[in-house]
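Have a look at the structure below before the remarks.
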Amino acid sequence: MSFLKPKTHIEEGDVVILYLSVNSMHAIEAVPTIVNKKGETIVHIFQTPYGSLKVQSIIGVEYGSRVELSKGWAHVLQPNPELWTQTLPHRTQIIYTPDISMILHQLEVRPGAVVLESGTGSGSLSHYFLRALKPTGRLHTFDFHEARADQARDEFQRHGLGDFVTVHHRDVCNLGFTSELDGVADAVFLDLPSPDLAVPHAFKALKLSGGRFCSFSPCIEQSQRCIEVLTKLGFNEICSMEVLQQESVIKTRSMPVIDLEFLKAPKDVEANPTNDDSKTKEPKELKKYLTSSNPQVLPGHTGFLTFATLPPNIPKA
């Protein structure tokens, strides 16, 4: 129940983020025993590069506390969608925070809204949707792979989010979003190999009062085909974008001050300097400046986000 609301102390069954460093975090379940591959019930001990953690020892501990490992220490944090994205078990490739922040903003996800998501995958984006939709909204998420859909459904229940989400096992490209969802969605999100096949179904699912649409595609050709169908169906404000998170390297640099005094001297003096002037050289003055530059390695391509708006009162015959 870790994701449902803010908590102060770890309870048995909670998902807990074990924070070792900014690049080393693990999601563990706070249960005293687990069943191993042989079917035997054993004490739950989690291994890290800094030694082992007896998981039973963290039950009842306050979130944010420092806990001792056999060869070091770590912190226990309450999970949120950002931390979960970095630690979740990958069933598929996932969408990360830079793209997710743009998706939530452009789809205008808010409490009370109804959002349809096709391509549940590992559930990374789903957790962000649910945080924004609670407590009065609802997420309908679809996956064509039955095992992944069952895993996601079980995961949402264990995280305390089952009351706000319905997981469907269904091929949206061929079968659509079910007739019960026609005209009920405020926003539709697609993460599919052929999003253009699902656009007509998204059109039917959006409310008569209109709504927002988004598709995530790794290739620009997928985005182009999607835009063609969106245009035919009467969507407007269509745009595709790529979100790249770029780091700025900030450094303090010492730079010499250029001496321009020689420009004031007559030309004949410059041509015939005295011996004293040629021998005497003063050290150059240095000044410190705060500089910004791009890193040597820039982030790579993730995918293209295609957004569109369905205007109100478009006939859906």
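Residue numbers run from 1 in the order of the sequence given.
- Side-chain contact check for Phe144 versus Val172: every heavy-atom pair is 4.5 Å or farther apart.
- Gln86 contributes no side-chain N or O that, together with a main-chain N or O of Leu83, makes up a donor-acceptor pair within less than 3.5 Å.
- Within 6.0 Å of CD on Glu242 lie more than 12 heavy atoms contributed by other residues, nucleotides or ligands.
- For the residue pair Thr97 and Tyr128, a side-chain donor N or O sits within less than 3.5 Å of a side-chain acceptor on the partner.
- If you look at His26 and Phe46, their ring centroids are closer than 6.0 Å.
- Pairs of residues two or more places apart, or lying in two chains, that qualify as side-chain hydrogen bond (donor to acceptor under 3.5 Å, both in side chains) and include a residue from residues 190-208 are Asp186-Lys207.
- Closest approach of Leu107 to Cys214, counting heavy atoms only: CD2-CB, 3.7 Å.
- Looking only at side-chain heavy atoms (C-beta outward), His168 and Thr166 come within less than 4.5 Å of each other.
- One distance of note links NE2 of His44 with CG of Leu53; it measures 8.5 Å at 0.5 Å rounding.
- In the hydrophobic clustering of ILVMFWY residues, with side-chain heavy atoms under 4.5 Å counting as a link, Leu233 and Leu190 come out together.
- The closest donor-acceptor contact from the side chain of Ser24 to the backbone of Ser21 lies at 3.5 Å or more, if one exists at all.
- One finds the OG atom of Ser101 at 7.5 Å from the CG atom of Asp99 (value rounded to the nearest 0.5 Å).
- Val31 and Val55 get closest at one heavy-atom pair: O-CG1, 3.7 Å.
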Let me see the working for Leu192 and Cys173 under side chain to side chain contact (heavy atoms under 4.5 Å, CB included), right down to the final yes or no.
-> CA-CA 8 Å; Leu192 301 170; Cys173 290; 3.8 Å; yes
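- Put simply, the side chain of Thr85 gets close to the backbone of Pro81: a donor and an acceptor are under 3.5 Å apart.
- For Arg170 and Glu146, the salt-bridge test fails: no basic side-chain N is under 4.0 Å from an acidic carboxylate O.
- The two residues Gly51 and Ser70 have their closest heavy-atom pair at CA-OG, 3.0 Å.
- Atom-to-atom distance recorded for Leu310:CG and Leu230:CG is 9.5 Å, nearest 0.5 angstrom.
- Remark: the Ser223 side chain and the Ser240 side chain contain an N/O donor-acceptor pair separated by less than 3.5 Å.
- Considering only heavy atoms from C-beta on, His90 stays 4.5 Å or farther from Thr92 through its side chain.
- Using a 4.0 Å cut-off between charged nitrogen and carboxylate oxygen, Glu11 and Lys7 count as a salt-bridge pair.
- Checked against the 6.0 Å centroid threshold, His127 and Phe156 count as a close aromatic pair.
- The two residues Val243 and Thr302 make their nearest non-hydrogen contact at O-OG1, 4.0 Å.
- Side-chain N or O atoms of Asn36 include one that pairs as donor or acceptor with a backbone N or O of Glu40 at under 3.5 Å.
- By the 4.5 Å heavy-atom criterion applied to side chains, Arg91 and Gln151 are counted as neighbours.
- When hydrophobic clusters are built by joining Ile, Leu, Val, Met, Phe, Trp and Tyr residues whose side-chain heavy atoms come closer than 4.5 Å, directly or via intermediates, Ile59 is not grouped with Ile28.
- Residues meeting the ring-ring contact (aromatic ring centres under 6.0 Å, His included) test with Phe304, sequence neighbours left out: His301.
- Side-chain heavy atoms closer than 4.5 Å link hydrophobic residues (I, L, V, M, F, W, Y) into clusters, and following such links, even through other members, never connects Ile58 to Ile17.
- By the neighbour-count criterion of 12 heavy atoms within 6.0 Å, atom OH of Tyr50 is sparsely surrounded, having that number or fewer from other residues, nucleotides or ligands.
- Here the side chains of Phe235 and Phe213 are in contact, with some heavy-atom distance below 4.5 Å.
- Enclosure of atom CE in Met241 by more than 12 non-hydrogen atoms of other residues, nucleotides or ligands within 6.0 angstrom is indicated.
- Formation of a donor-acceptor pair under 3.5 Å by the Ser254 side chain with backbone atoms of Lys287 is not found in this model.
- Looking at heavy atoms from C-beta onward, Ser248 lies out of side-chain contact with Ser293 at the 4.5 angstrom threshold.
- Looking at Asp143, its side chain never comes within 3.5 Å of a backbone N or O of His169 through a donor-acceptor pair.
- Among residue pairs with one or both ends in residues 112-138, those qualifying as salt bridge (Lys or Arg N to Asp or Glu O under 4.0 Å) are Glu82-Arg131; sequence neighbours excluded.
- Two rings, from Phe177 and Phe142, have their centers less than 6.0 Å apart.
- Residues Thr120 and Ser126 come closest through the heavy atom pair CG2-OG, 4.1 Å.
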With side chain to side chain contact (heavy atoms under 4.5 Å, CB included) as the test, would you mind laying out the steps for Ile95 and Phe189 before giving the verdict?
-> CA-CA 12 Å; Ile95 301 176; Phe189 173 80; 3.5 Å; yes
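- Among all heavy-atom pairs drawn from Ala308 and Ile238, the shortest one is CB-CG1, 3.8 Å.
- Defined by atom type and a distance below 3.5 Å, a donor-acceptor pair is present between the side-chain atoms of Arg212 and Thr309.
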Mind running side chain to side chain contact (heavy atoms under 4.5 Å, CB included) on Leu290 and Ile250 for me, showing each step along the way?
-> CA-CA 7 Å; Leu290 196 63; Ile250 309 298; 3.8 Å; yes
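- Between the side chain of Gln224 and the backbone N or O of Cys219, no donor-acceptor pair lies under 3.5 Å.
- Remark: side-chain polar atoms of Tyr19 are paired, donor with acceptor, to backbone N or O of Val22 under 3.5 angstrom.
- Rounded to the nearest 0.5 Å, atoms CG (Leu130) and CG (Leu133) are 6.5 Å apart.
- Phe3 is not connected to Leu18 by any chain of hydrophobic side-chain contacts under 4.5 Å among Ile, Leu, Val, Met, Phe, Trp and Tyr, and they are in different clusters.
- Remark: of the listed residues Leu125, Thr306, Ile100, Leu305, Leu305 is the sole one forming a side chain to side chain contact (heavy atoms under 4.5 Å, CB included) with Phe216.
- Remark: Leu104 CG to Phe129 CZ distance equals 6.0 Å, nearest 0.5 Å.
- A distance of 10.0 Å separates CG of Asp150 from NE2 of His145, quoted to the nearest 0.5 Å.
- Residues Tyr63 and Asp14 have side chains in contact (heavy-atom distance under 4.5 Å, counting atoms from C-beta outward).
- Under a hydrophobic clustering in which Ile, Leu, Val, Met, Phe, Trp and Tyr are joined whenever their side-chain heavy atoms come within less than 4.5 Å, directly or via other members, Leu88 and Leu4 fall into the same cluster.
- Looking only at side-chain heavy atoms (C-beta outward), Leu77 and Val16 stay at 4.5 Å or farther from each other.
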List the steps and the verdict of side chain to side chain contact (heavy atoms under 4.5 Å, CB included) for Ile42 and Thr33.
-> CA-CA 5 Å; Ile42 60 173; Thr33 59; over 6 Å; no
